[in-house]
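Indexing begins at 1, ligand by ligand and atom by atom, following the structure's order.
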Amino acid sequence: MTNDKRDWKPATQLVHSGVLRSEFGETAEAMFLTQGYVYETAEAAEARFKGENPGFIYSRYANPTVDMFEKRMCALEGAEEARALASGMAAVTAAILCSLKAGDHIVAARALFGSCRWVVETLAPRYGIEATLVDGRDIANWERAVRPNTKIFFLESPTNPTLEVVDIAAVAALANSIGARLIVDNVFATPLMQKPLQLGAHVVVYSATKHIDGQGRCLGGVILSDKQWIEESLQDYFRHTGPSLSPFNAWTMLKGLETLPLRVRQQSENAARVADFLAERPEVARVIYPGRADHPQADIVRKQMKGGSTMICFDLKGGKKSAFAFENALDVIVISNNLGDSKSLITHPATTTHKNLTDEARTELGISDGTLRLSLGIEDADDLLKDIDRALKAAAA
Ligand SMILES: *Cc1c(COP(=O)(O)O)cnc(C)c1O
């Protein structure tokens, strides 16, 4: 029923993979807004529950529209299995907790999306799961943090907001050497620019809310891995705790995937142009963009990423006052803590996404009062540059 043709290039997979066409032969993917499924006979229901007659049982477990989205994500990622969840955080939490028990240990890179850091640092220890946060840029820090009970390594790369990069293959090799699993949050790279499973990671998670929807509508998340891990470690947790994605949101994500390559290409071209523009400006103290040769870890970027990402981090001279004046002077670019959208979005991490960290933790992550994070949209780059130029002058005035 599915047409998962692995030899297709991503742009083709993202339009055609995973389609489950109904008896009506619809062109567009159908939205199956149903909670449950009916059986012809009592015997058919019995057989379905025994697993002898494949099909759907209840939409907390699986749903045809959600299934299409999962299959399309598998084709794109080159994964055997996927589960779609109600948000990126549902995906991160399930991926981390589903296989752990009291007494186990997690090692995570400290530069994490705020809620991810809370799950690792605050939630997991409440259930007796120990956690160590390390500076993920140096593999020696991961090695030093390993304990006999280490079961999970967790990282994101590039990181939020300072776009640090972690050597995924090196951390995966360490995980393999001690029988632990590496979970990678691949949101900032997008599935088009970085393939953690090919680099040796065991599990990949996404907030589909970001580039996969990409048009600011629905929350969603995805976990991708091998069939054995999904069935043995995730399946029961997923079915019985109920973080499943709504079919409506899955349908929105499916249609988002069709245009993902077009949007991400435009967004990263815009990011590259804006990064180069900012780097030349006297008002700017520092620009971090993984696509530039002056990125602090440009060699790792070249090794594991196919592009520079859709995000830029930069520091304005003049601290918070300049940063706020810059944001307030923008016209095309809007102020929002979201990212991956077709609209360009700017945020001041120190007072929004990272305000809950201590001053010390913010400094460790390289976030100053002048730091701004810019998520590039699909607008015309000339309009973005004009907007930024005007706002830089306003901020310096
Ligand atoms: C947004 C985000 C999440 C959380 O996703 P939600 O869909 O908002 O729950 C997790 N990790 C990263 C890197 C993100 O950017």
Side-chain angles (χ1 to χ4, degrees), residues 66 69 73 82-97 106 108-124 133 136 152-166 168 182-194 196 201 203-224 241-246 248-250 252-253 256-257 260 264 267 271 288 290 305 309-313 336-341 343 345-347 349 352-354 356-357 365 367 373-377:
V66 178
F69 173 55
M73 283 301 304
R83 290 293 178 274
L85 298 93
S87 69
M89 283 321 303
V92 168
T93 307
I96 291 177
L97 294 185
I106 308 172
R110 67 189 180 195
L112 289 179
F113 183 77
S115 298
C116 298
R117 186 154 167 165
W118 184 84
V119 168
V120 170
E121 205 175 24
T122 306
L123 181 67
L133 291 174
I152 294 281
F153 287 167
F154 177 57
L155 64 88
E156 60 182 70
S157 181
T159 64
N160 176 31
T162 46
L163 307 175
E164 288 175 3
V165 171
V166 181
I168 296 173
L182 170 60
I183 302 172
V184 174
D185 179 339
N186 206 37
V187 167
F188 272 52
T190 81
L192 295 165
M193 285 187 219
Q194 183 168 273
V203 181
V204 181
V205 293
Y206 288 100
S207 165
T209 313
K210 312 295 165 52
H211 305 81
I212 292 173
D213 175 335
Q215 290 150 88
R217 301 163 297 195
C218 294
L219 299 180
V222 195
I223 302 176
L224 299 116
T241 63
S244 28
L245 182 65
S246 125
F248 180 89
N249 289 7
T252 309
M253 299 301 176
L257 282 178
L260 182 72
V264 168
Q267 288 172 302
I288 310 170
M305 291 182 72
S309 119
T310 64
M311 309 287 299
I312 299 175
C313 179
S336 172
N337 46 282
N338 204 359
L339 63 100
D341 200 273
K343 296 179 172 66
L345 309 175
I346 191 140
T347 191
T352 60
T353 53
H354 290 71
N356 288 339
L357 292 182
L365 297 181
I367 302 168
R373 187 193 77 188
L374 176 58
S375 167
L376 275 302

Engineer: Evaluate E156 for polar contact with ligand 1, using N/O atom pairs at a separation under 3.5 Å.
Structural biologist: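 There is no such contact.
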Engineer: Are the side chain of D213 and the backbone N or O of C218 linked by a donor-acceptor pair below 3.5 Å?
Structural biologist: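 Yes: the side chain of D213 pairs with the backbone of C218.
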Engineer: I'd like to check which ligand 1 atoms, numbered from 1 as shown, lie under 4.0 Å from a non-hydrogen atom of D185.
Structural biologist: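 Within the 4.0 Å cut-off of D185, ligand 1 contributes 10 (C), 11 (N), 12 (C), 13 (C).
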Engineer: Looking only at protein heavy atoms, which one is nearest to atom 4 (C) of ligand 1, and how far off is it?
Structural biologist: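 Heavy-atom neighbour on the protein nearest atom 4 (C) of ligand 1: F113 CE2, 3.4 Å.
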Engineer: As a quick check of understanding, evaluate side chain to side chain contact (heavy atoms under 4.5 Å, CB included) for R117 and L357, giving each step before the final call.
Structural biologist: CA-CA 10 Å; R117 186 154 167 165; L357 292 182; 4.0 Å; yes
Engineer: Which ligand 1 atoms does M89 reach within 4.0 Å, using its non-hydrogen atoms?
Structural biologist: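 Listed by number with element, the hits are 4 (C), 5 (O), 6 (P), 9 (O).
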Engineer: Tell me whether G88 has any N or O atom under 3.5 angstrom from an N or O of ligand 1.
Structural biologist: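 Yes, at least one N or O pair falls under 3.5 Å.
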Engineer: Should V222 and F69 be marked as a side chain to side chain contact (heavy atoms under 4.5 Å, CB included) after you check the CA-CA gap, both sets of side-chain angles, and the distance that decides it?
Structural biologist: CA-CA 9 Å; V222 195; F69 173 55; 3.6 Å; yes
Engineer: What is the closest protein heavy atom to atom 7 (O) of ligand 1, and at what distance does it sit?
Structural biologist: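 For atom 7 (O) of ligand 1, the nearest protein heavy atom is T209 OG1, 2.6 Å.
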Engineer: Atom 14 (C) of ligand 1: which protein heavy atom is closest, and how many Å away?
Structural biologist: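 The closest one turns out to be K210 NZ, 3.0 Å.
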Engineer: Mark yes or no for whether Q194, through its side chain, and V187, through its backbone, hold a donor-acceptor pair below 3.5 Å.
Structural biologist: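 No; zero donor-acceptor contacts below 3.5 Å.
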Engineer: How long is the span from the CZ atom in F154 to the CG atom in L182, to the nearest 0.5 Å?
Structural biologist: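 Answer for the CZ-CG pair, F154 versus L182, is 9.5 Å.
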Engineer: Side chain of R110, backbone of L365: donor and acceptor closer than 3.5 Å?
Structural biologist: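 No; judged by distance alone, with no hydrogens or angles, the pair does not exist.
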